[in-house]
Amino acid sequence: MSEFLDILTHGRRLQGAVKELSIEELEQVQEKLSGIIEKRKEKLLEQEKLKKEKLEKLAAIKQQMEEAGLNVEDLQALDTGTNKNVGKKRPVKYKLVDDNGEEHLWTGIGRMPRVYKDALDSGKSLNDYAIN
């Protein structure tokens, strides 16, 4: 891509690259490039317009906050959007003590641990290990 860009932006290299093209082909290339340029300009104007609208909205909100006697810290104090369960572990629902005396705890969610599966295969019930 950089070689293409070097040719496209260098006058003599570009002239050498297009010397085999006819006038009609060069005009088609020119039309396509003009179309690309116009689309880019429109896109840039749209982005600038959106940025200006956003700044105007922010200024209006800032003015409303000042009129109400509020500041950013007041809004941050209200931040209740955090999930209360983030970082908290799920409660353990089952507890199994194996033959070696090791405790195996399980929340009942996710894949069943091997020791529980073996116990259930030997005829036990999951309710036998439930924590009340």
Side-chain angles (χ1 to χ4, degrees):
M1 182 67 185
S2 89
E3 183 179 348
F4 172 73
L5 189 59
D6 289 341
I7 292 171
L8 193 60
T9 57
H10 192 272
R12 283 193 211 143
R13 292 184 73 187
L14 180 60
Q15 191 172 4
V18 298
K19 68 182 176 185
E20 302 293 324
L21 298 179
S22 68
I23 298 292
E24 292 81 21
E25 291 171 325
L26 286 171
E27 287 174 344
Q28 288 175 352
V29 170
Q30 182 182 17
E31 288 174 16
K32 290 177 183 177
L33 282 174
S34 295
I36 291 171
I37 291 169
E38 284 302 312
K39 287 180 184 177
R40 287 270 182 99
K41 285 181 180 179
E42 290 172 6
K43 186 176 179 181
L44 182 62
L45 288 174
E46 182 66 25
Q47 288 174 342
E48 289 175 358
K49 179 182 171 188
L50 291 174
K51 185 177 179 180
K52 182 180 176 184
E53 289 175 0
K54 183 177 179 179
L55 290 174
E56 289 173 355
K57 288 177 183 178
L58 286 172
I61 291 171
K62 183 179 178 184
Q63 182 180 357
Q64 289 175 353
M65 287 177 60
E66 288 173 356
E67 289 172 358
L70 300 173
N71 57 29
V72 176
E73 289 79 23
D74 295 331
L75 291 177
Q76 290 172 339
L78 284 177
D79 187 16
T80 58
T82 58
N83 188 351
K84 291 181 174 77
N85 292 330
V86 172
K88 292 185 179 178
K89 292 189 175 188
R90 296 179 184 264
V92 175
K93 293 183 181 177
Y94 304 101
K95 176 179 163 184
L96 182 146
V97 179
D98 64 9
D99 297 335
N100 299 332
E102 293 182 43
E103 282 188 353
H104 298 276
L105 305 175
W106 184 41
T107 62
I109 297 175
R111 191 172 187 177
M112 181 180 287
R114 185 75 173 169
V115 291
Y116 287 92
K117 184 166 178 34
D118 292 343
L120 294 178
D121 290 345
S122 68
K124 297 279 188 174
S125 169
L126 198 56
N127 290 334
D128 296 339
Y129 305 107
I131 298 174
N132 296 328

Measure the spacing between CD1 of Ile37 and CD of Gln30 and express it to the nearest 0.5 Å.
9.0 Å
What residues form a side-chain hydrogen bond (donor to acceptor under 3.5 Å, both in side chains) with Lys117, not counting sequence neighbours?
none
Could you grab the distance from atom CD of Glu46 to atom NZ of Lys49, nearest 0.5 Å is fine?
5.5 Å
Within the supplied structure, the quantity of interest is the number of heavy atoms (other residues, nucleotides, ligands) at a distance under 6.0 Å from Gln47 CD; does it exceed 12?
yes
If we ignore hydrogens and angles and just use 3.5 Å, is the side chain of Asn100 paired with the main-chain N or O of Glu102 as donor and acceptor?
no
According to a hydrophobic-cluster definition based on side-chain heavy atoms being under 4.5 Å apart (Ile, Leu, Val, Met, Phe, Trp, Tyr only), do Tyr94 and Leu120 belong together?
yes
Does Tyr129 reach the main-chain N or O of Lys124 with its side chain, forming a donor-acceptor pair under 3.5 Å?
no
Distance col, row Leu96:CG vs Ile131:CD1, nearest 0.5 angstrom, shows 10.5 Å
Ignoring hydrogens, what is the shortest heavy-atom contact between Glu25 and Glu20? Give both atom names and the distance.
OE1-O, 4.4 Å
Nearest heavy-atom pair of Lys93 and Thr107: which atoms, and what distance?
CD-O, 3.2 Å
To the nearest 0.5 Å, how far apart are CE in Met112 and CG in Asp118?
10.5 Å
Just one of Ile7, Asp6, Leu8 clears the side-chain contact (heavy atoms from CB on, under 4.5 Å) bar with Phe4, so which one?
Leu8
Verify the neighbour count for atom CD1 of Ile23: are there more than 12 heavy atoms of other residues, nucleotides or ligands below 6.0 Å?
no
Atom CG in Leu70, atom CD1 in Ile61: separation rounded to 0.5 Å?
12.5 Å
Do Gln28 and Glu24 have side-chain atoms, one donor and one acceptor, less than 3.5 Å apart?
no
From Met65 CE over to Leu58 CG, what is the distance, rounded to the nearest 0.5 angstrom?
10.5 Å
Donor-acceptor pair, Asn71 side chain versus Asp74 backbone, under 3.5 Å?
yes
Working for side-chain contact (heavy atoms from CB on, under 4.5 Å), residues Leu45 and Glu48
CA-CA 5 Å; Leu45 288 174; Glu48 289 175 358; 4.0 Å; yes
